[in-house]
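Below: the structure, in structure tokens.
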Amino acid sequence: MSAEVPPLTVLGASLDGEAVGLRCEQGRIAALGPEVVAEPGDTTIDAGGAPLVAALVNGHTHAAMTLFRGYGGDLPLMRWLREKIWPVEAGLEPEDVYWGARLACVEMIRTGTTRFWDMYWHPEATARAVRDSGLGATVGGPLFDAEGGTQEMQATALENLDALAPYSETGVAPALAPHSIYTVSRDLLRWTAETATERGVPVQIHLSETEQEVEDCFEAHGVRPAHYLDQVGLLGERTVLAHGVWLDRGELELIAERGATVVANPVANMKLAVGGVLPYPAAREAGVAVGLGTDGAGSNDSLDLLADLKFFALTQRHASGDPTVLPAREAWAVATGGASALLGGGPRLEAGSPADFLLLRRDSHELGLGDLHSDLVYAASGSIVDTTVAGGRVLMRGGEVEGAGEVVAAAAERARRLGLA
Ligand SMILES: [Zn+2]
């Protein structure tokens, strides 16, 4: 899709206190700096002094679960899944997933996220929604075989990979997504590792979300979850581990050695009361790549990653008893994918990087005169975003996302069909 986007030039933006221009071509930043000017034929935006920042990367979500927002939220994790979520998911149709994911994309565009990692049923419907929204994503259908059906699951996974392949041209990358070590057999986990290597696709999995999971893993396999995942060949540079709340030092060192990324989901962890958060200081010390995610709207219930960034920073300070443990600029780097090569890589705003960026509202009282990163982490939420650009395409300007009203109405209709509204 990015190849068809006309060149875009943003003039008069503020970057680290300096007035800059930014020119995008073919979905990438072609030039950035005070000397940048528009060329004939460019779409031009006058930023009027608005702060320019990199867009956010949501490292773990289930986009279509916007349909489940506000549904059965007052239950513990396993009862919530068994009694509320799984029975409804059994009747999901691709169009439900499409409109749920479209709604999620509107919310992410509004709140400054341009790329996300998704695990959900009917992944092709999510890929279609991402394409139609103009965002980027890595998408995988969940693998489950807790009650048998391993071979059928393998066949479905291969069908999903084939169905997702054409979307790579539009910024949607396929992934394999075994749900967790407690819902997927050892055989299927091994198969996933082999298939991911053969196909060259990344893997996303929930890991060490609850203490019970660690105890059960130890009882069943004699090792803790990260070591078990390594035994089945699933810990590698292209693996995203969602949660990681109960990882111990030995597991963090192993994860760092293998180069996997751990994505913290502090708000979902607190909502489901799992009793902890990712031990970020130990993860950083071990050299683990880290990202930030919202998890699905069923367990958060918001997809506003900028709001969750405050929770990430606060929970880390609070849990460590150390207010210096996570400087604001470092927290911001985690939320923009800058602390994981797999999620986003190094600095996001430079020539050659994907043209994924935000202009912030100049009239916003959340941005004071002090440090911008501190304001972004502790004072702001997604409402501070004025303009969202993904792959050089303007998806929101002046806080307005084109077609948002229709998406909200269609998603509500699908939720009613499922008995969720
Ligand atoms: Zn999740």
Side-chain angles (χ1 to χ4, degrees), residues 56-73 75-82 84-86 88-89 92 97 100-101 103-104 107-108 113 115-123 126 130 137-144 146 175-184 189 192 202-214 225-226 229 234 239-247 260-278 290-305 308 311-312 335 340 342-343:
L56 302 163
V57 177
N58 189 341
H60 176 69
T61 189
H62 312 277
M65 291 193 82
T66 49
L67 299 177
F68 291 84
R69 200 186 323 251
Y71 178 70
L75 291 172
L77 175 63
M78 288 318 294
R79 277 192 63 199
W80 175 71
L81 288 173
R82 288 203 179 103
K84 295 290 176 183
I85 303 300
W86 290 344
V88 179
E89 286 185 336
L92 273 182
V97 172
L103 182 59
E107 189 174 348
M108 286 191 264
T113 292
R115 178 154 194 92
F116 63 98
W117 285 64
D118 195 81
M119 174 197 289
Y120 208 58
W121 305 110
H122 303 299
T126 299
V130 175
T138 301
V139 173
L143 302 178
F144 262 88
L176 285 165
H179 174 266
S180 63
I181 59 169
Y182 57 91
T183 50
V184 182
L189 290 172
T192 302
V203 173
Q204 31 182 342
I205 186 169
H206 296 109
L207 192 80
S208 226
E209 181 173 5
T210 65
E211 201 167 17
Q212 187 70 47
E213 178 185 337
V214 180
L229 216 53
L234 271 177
T239 304
V240 166
L241 311 168
H243 299 298
V245 172
W246 298 95
L247 297 171
T261 293
V262 181
V263 170
N265 295 267
V267 172
N269 293 153
M270 287 193 285
K271 186 165 185 233
L272 287 164
V274 303
V277 288
L278 168 73
V290 177
L292 183 66
T294 56
D295 213 341
S299 62
N300 182 304
D301 294 3
S302 156
L303 300 178
D304 181 349
L305 195 70
D308 287 20
F311 287 99
F312 177 57
S340 158
L342 185 58
L343 296 185

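Whatever order the structure lists ligands and atoms in, that order sets their numbers, starting from 1. Quantities reported herein were computed from a predicted structural model and do not represent experimental measurements. Quick note: numbers below take in every heavy atom, side chains included, and nothing from hydrogens, waters or symmetry partners.
Looking at N265 and H60, their side chains never bring a donor and an acceptor atom within 3.5 Å of each other. Side-chain atoms of T138 and R115 form a donor-acceptor pair, as typed in the model, at a separation below 3.5 Å. For the residue pair T61/D118, the side-chain donor-acceptor check at 3.5 Å is not satisfied.
The distance between the ring centers of W80 and F68 does not fall below 6.0 angstrom.
With respect to the salt-bridge test (charged N to carboxylate O, under 4.0 angstrom), the residues K271 and D295 do not qualify. Salt-bridge formation is detected for the pair R69/E107: a Lys NZ or Arg NE/NH1/NH2 atom is positioned less than 4.0 Å from an Asp or Glu carboxylate oxygen.
Protein N/O/S atoms closer than 2.8 Å to the Zn ion (ligand 1), listed by chain and residue number, are H60 NE2, H62 NE2, H206 NE2, D295 OD1.
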